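Everything below concerns the one structure shown next.
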There are 2 protein chains.
Amino acid sequence: MYDEGVNTRPAAGLAERKRQLVSDELTEAALQLMARKGFDAVTVDEIVAAAGVSKRTFFRYFASKEDVVVQFLTAMGTGIHGALADRPAGEPPSVALRHAVQVPLAECAGHSERTLRVVRLILRTPALLARFLERQEQWREDLAAELARREGSGAEAGLHDRLAAGTALVAFNTVLRSWCDGDGAEDPAALTDRAFAVIAPALDASGR
Amino acid sequence: MYDEGVNTRPAAGLAERKRQLVSDELTEAALQLMARKGFDAVTVDEIVAAAGVSKRTFFRYFASKEDVVVQFLTAMGTGIHGALADRPAGEPPSVALRHAVQVPLAECAGHSERTLRVVRLILRTPALLARFLERQEQWREDLAAELARREGSGAEAGLHDRLAAGTALVAFNTVLRSWCDGDGAEDPAALTDRAFAVIAPALDASGR
DNA sequence: GCCCACAATGGCACTTGGTGTCAACGAGGA
DNA sequence: TCCTCGTTGACACCAAGTGCCATTGTGGGC
């Protein structure tokens, strides 16, 4: 393991690695240009020129121009969901969700310089924000389903789980925005704790 | 067309009413076509052909193809904000927010057939959902500001207000989705009450 | 080493959303 | 009557995507 998880097996999918290389190259070029000129001012033609591939190839890797940025954060969604699934069964929802949300935010704090640039770009570009929020709707569905699995089904389980998942994501977004607006000065973990201190009573509310 | 609420004052802004007429015609044509063929399958050229204006005129009235649908719901945002501003000062946030959110949902229940079609279109079309959620970010800002004005500024007022506003909107969205998925059978008011019963403790949480 | 299948790519034409520009049109107002 | 201002339509144009097909490897079986 040098950089990525590559190079583990002798020749495990050479084609795979080539694809990954092209994808990385495109993402890098796109983020570089957009950080400098803004999302709207960068055309796909510029990106592919910088990356040395054709426009057609770009759209084979990314469904849209927004995708090349938002896909960068896809890991967050699967991260939250996976982390929630890994929490012990007895844990109250507020605690489990707090830890789940904590996971991708810790990533942020780690690679702050790079991540901060991307998050800033997303939160300040209407088109990107829109796509990001839309993707979160899917996260919300997944989280609600996972909560339902954990907590069993009571009277208003469906409504309650969807509200809990949504509220947790509101906390996530609020933390992300505070962190971004403060240029990374604030500690995401501390912000998350404070946010969940406020919303916890709603997440653990009885009436399931 | 003697349908709309026109014709109130003798000649108050003739040009205004002409503009309104064109806007209504376009909205009507768009919603009609999209309800039948789906959002993506309808082109702007079809819409303007049906409305009898030029494509250029369409984009003078609406910023994008999404806008013609989403603008239909703009009243909701201003409705919530206005209703919150009108609530008595002493009222706890959970009660004030519940009533504020109730207002546009009551509108839904009123003109259910028409509204239901639009809501369904938005919630089931990714591009429209994205725009809708993006617009809600603005609502969230406004609601948080209004809460700050109402409640004064304590220790973590900023964080708390933004969480409260976001959570209230999550409830709003959840109700809207339930109402839509149930084809309008469920009563929005009742759903709202149940949702707010769950989230109220978070909205009224101490620590300001 | 040879050939075949298959995946990735590039190029190109085409549709669609969206914008800038300009000329024409029509309702007042001096 | 003429002038002005707002609305409109027509046209050209740019950028985002998509469908299609020819080309180019690259790897595997023989």
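What's counted below: heavy atoms across the whole structure, side chains too, no hydrogens, waters or symmetry copies. These numbers were taken from a predicted model, which means no experiment stands behind them. Order of the sequence lines fixes the chain letters, A, B, ..., with proteins taken first and strands second; residue numbering starts at 1 for each chain.
Under a 4.0 Å N-O distance rule, the pair B/D67/B/R135 qualifies as a salt bridge.
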### Task
Spell out protein contact along nucleotides 20-25 of chain C as letters: B when the base is contacted, S when just the sugar-phosphate is, - when no protein heavy atom is under 4.0 Å; keep the 5' to 3' order.
BB----

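Under the 3.5 Å distance criterion, with hydrogens and angles disregarded, no donor-acceptor pair is assigned to the side chains of A/R60 and A/S54.
Across the protein-nucleic acid pair, A/K55 atom NZ and C/dG10 atom P stand 13 Å apart, rounded to whole Å. The CE-C1' distance, from A/M34 to D/dA15, rounds to 13 Å in whole Å. To the nearest angstrom, C1' of D/dA10 lies 18 Å from CZ of B/F58. In this structure, NZ of A/K18 is placed 15 Å from P of D/dT24, rounded to the nearest angstrom. Across the protein-nucleic acid pair, B/F62 atom CZ and D/dT7 atom P stand 15 Å apart, rounded to whole Å.
Closest approach to the B/R19 side chain among D/dT8, C/dT19, D/dG17 is made by D/dT8 (side chain taken as heavy atoms from C-beta onward). Taking the side chain of A/V22 as heavy atoms from C-beta on, and the options C/dT9, D/dT18, C/dG18, the nearest nucleotide is C/dT9.
At least one side-chain nitrogen or oxygen of B/T57 sits closer than 4.0 Å to the OP1 or OP2 atom of D/dG9. B/Y61 has a side-chain polar atom (N or O) that falls below the 4.0 Å cut-off from OP1 or OP2 of D/dT8.
Taking CZ of B/R98 as the start and CZ of B/F172 as the end, the distance is 16.0 Å to the nearest 0.5 Å. Note that CG of A/L121 and CG of A/L31 are 7.5 Å apart. Values are rounded to the nearest 0.5 Å. With rounding to the nearest 0.5 Å, the separation of CG in B/L129 from CD1 in B/I122 is 8.5 Å. Residue A/W139 holds its CH2 atom at 13.5 Å from CG of A/L84, rounded to the nearest 0.5 Å.
Taking the centre and axis of the six-membered ring of B/F72, the NZ or CZ atom of B/R114 falls outside the cone set by 45° and 6.0 Å.
Put simply, the side chain of A/K37 never gets that close to the backbone of A/Q32: no donor and acceptor are under 3.5 Å apart.
The stretch residues 40-54 of chain A touches DNA chain D through A/V42, A/T43, A/V44, each having a heavy atom under 4.0 angstrom from the strand.
The base of C/dG18 has none of its N or O atoms less than 3.5 Å from a complementary donor or acceptor on the side chain of B/K65.
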